[in-house]
Structure formats: structure tokens, C-alpha cells
Amino acid sequence: RAQENKLPIEKLPIIGIGPNENTSAYASESSEGTLSYFSRLGYSYGGKYNVSINARRDASSIFGGDVQAELFGSIGATWNISKEEWFPKKYINYANVRASYGSTGNSRIGSYSARGTYNYSGSYVYNGMGGSRPSTAPNPGLGWEKNYKLNLGADFSILKSKVNISVDYYRNNIYDATQSLNIPL
């Protein structure tokens with residue numbers, strides 16, 4: 001959709017603008033891109049000891065400058081205690097302990113949030129002609145929100161596997177939290 005009315009700039013790159021000075025235009029375009037690499041390495045020793053390591057690199061065009069890419073990772077381990085020869089299986093049929101720690105990122109802040117953008121309109125009048133105004137302030141330091149998660153747990157099965165019990169401790173710390181705030185133009 002394009003409309004024209006009283007635009008003061010001749011070379012404004014918006015579709016639908018003609019040579020007539022008494023015109024206005026409306027157009028919008030938005031695009032963003034994300035590139036991710038993911039790897040995982042797992043190891044199990046006799047079904048008793050298990051380790052998993054993950055690494056992920058995410059890059060997003062939403063952010064500015066040197067903060068477009070971030071590396072996230074995690075490590076997790078389990079120990080199936082009930083597979084040990086010394087484990088008494090008379091009352092507890094299964095026992096497993098586990099731990100994991102890792103990081104994730106959040107980039108859901110909207111397109112161009114780190115860039116300084118302008119709106120052009122006939123409603124922003126200066127000296128009788130349409131103009132532009134800032135719509136978002138530039139924030140070149142805006143980057144990934146980071147979440148660091150810790151999970152410790154244990155699983156048990158008792159009474160010939162008729163009762164299963166799981167106990168967990170979970171903690172999520174958020175750093176560099178992102179939030180949109182209205183600020184004066």
C-alpha cells in the first residue's frame with residue numbers, strides 16, 4: 001500500500017513516492033535473520049555413568065554491533081546407583097542421581113530494537129511540510145538475554161517399582177534481561 005502527500009524529501013526510499021511535492025507516502029518493511037550452530041557429545045559407561053555436553057552458537061540481526069552472536073552451552077551427568085554391585089536392592093529397586101548446568105539465550109525483543117529508526121509521515125509537520133521523527137533510539141550495546149539454569153535431582157523406585165519418587169532442585173538466574181521501555185524522543 002502506498003499513498004503520497006506533502007513529502008519534503010525527493011529521494012526518500014519508499015515505494016509509491018512520485019515527483020509531486022504535495023504527496024504523502026506510507027510503506028513498511030521488516031526483516032531479520034538468525035543463524036545457529038549446535039553440537040552435542042554424549043558418553044555412557046556401562047549404563048551407570050552418563051555425561052552429555054551441548055554447545056550452541058546463536059547469531060541474530062536484531063542486535064547491533066559486536067553483540068549479535070553468543071555462545072551457550074550445558075553439561076549434564078547421571079549416575080544410576082542401582083546398577084552398582086554394592087547397592088542393596090531389597091527395598092529400593094532403582095536409584096538415579098542427576099545434575100545439569102547450562103545457559104540459554106533470549107532474542108525475542110522485536111525487529112530493529114537495537115537500531116535507531118525513524119518514521120516518515122505527513123503528520124509530523126515542520127514548517128508546513130511533512131517530516132520524520134525517531135521511533136526507536138539506537139542501543140548498540142543491546143544483546144542477548146542470558147539464562148543460567150541449574151538442575152539437581154534424584155529418582156527412586158520402591159516396593160518392586162510400584163512407587164516412583166522424584167526429587168528436584170531447580171534454579172534459573174537471568175542476566176542482561178531485556179525489556180522495552182518508552183523513553184522521551
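Between the side chains of Ser36 and Arg57, not a single donor N or O lies within less than 3.5 Å of an accepting N or O. No side-chain donor from either of Trp144 and Gln68 sits under 3.5 Å from a side-chain acceptor of the other.
Glu85 has its side chain out of reach of Phe87: every pair of non-hydrogen atoms, C-beta onward, lies at least 4.5 Å apart. Inter-residue side-chain proximity for Phe63 and Ser107 is flagged as met; some heavy-atom pair is nearer than 4.5 Å. For the pair Asn80/Tyr94, a side-chain contact is recorded, criterion being any heavy-atom separation below 4.5 Å from C-beta on. Counting heavy atoms from C-beta on, the side chains of Val97 and Thr78 never come closer than 4.5 Å.
Between the CG atom of Leu152 and the CG atom of Asp168 there is a distance of 8.5 Å, given to the nearest 0.5 Å. Leu150 CG to Ser74 OG: the interatomic distance, rounded to the nearest 0.5 Å, is 12.0 Å. Note that the CG atom of Leu41 and the CD1 atom of Ile53 stand 5.5 Å from one another [nearest 0.5 Å]. Going from atom OH of Tyr43 over to atom CG of Asn50 covers 10.0 Å, rounded to the nearest 0.5 Å. Expressed to the nearest 0.5 Å, how far CG of Asn173 lies from NZ of Lys146 amounts to 13.5 Å. Distance check, rounded to the nearest 0.5 Å: CD of Glu70 to OG of Ser60 gives 12.0 Å.
Between Lys89 and Glu84, the closest heavy-atom pair is NZ-O, 4.3 Å. Residue Thr178 comes nearest to Leu142 through the heavy atom pair CG2-CD1, 4.0 Å, listed as atom of the first residue, atom of the second, then distance. Scanning all heavy atoms of the two residues, the minimum distance from Phe156 to Ala95 falls at CD2-CB, 3.9 Å. The heavy-atom pair separating Asn93 from Leu159 by the smallest distance is OD1-N, 3.6 Å. Across all non-hydrogen atoms, the minimal contact from Ser52 to Arg40 is OG-NE, 3.3 Å.
Within a 6.0 Å sphere centred on OH of Tyr91, heavy atoms belonging to other residues, nucleotides or ligands number 12 at most.
In this structure, Tyr175 has its ring center under 6.0 Å from that of Tyr148.
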For Tyr170 and Lys149, run side-chain contact (heavy atoms from CB on, under 4.5 Å): C-alpha distance rounded to whole Å, both residues' side-chain angles, the deciding distance at 0.1 Å, then the answer.
CA-CA 7 Å; Tyr170 178 76; Lys149 302 167 188 293; 3.5 Å; yes
If you apply the rule side-chain contact (heavy atoms from CB on, under 4.5 Å), what do you find for Asp155 with Asn164, and how did you get there?
CA-CA 7 Å; Asp155 304 302; Asn164 298 314; over 6 Å; no
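At a threshold of 4.5 Å between side-chain heavy atoms, the hydrophobic network of Ile, Leu, Val, Met, Phe, Trp and Tyr places Tyr169 and Ile81 in two separate groups.
For the side chain to side chain contact (heavy atoms under 4.5 Å, CB included) with Glu145, the lone residue among Ile174, Thr104, Asp176 that qualifies is Ile174.
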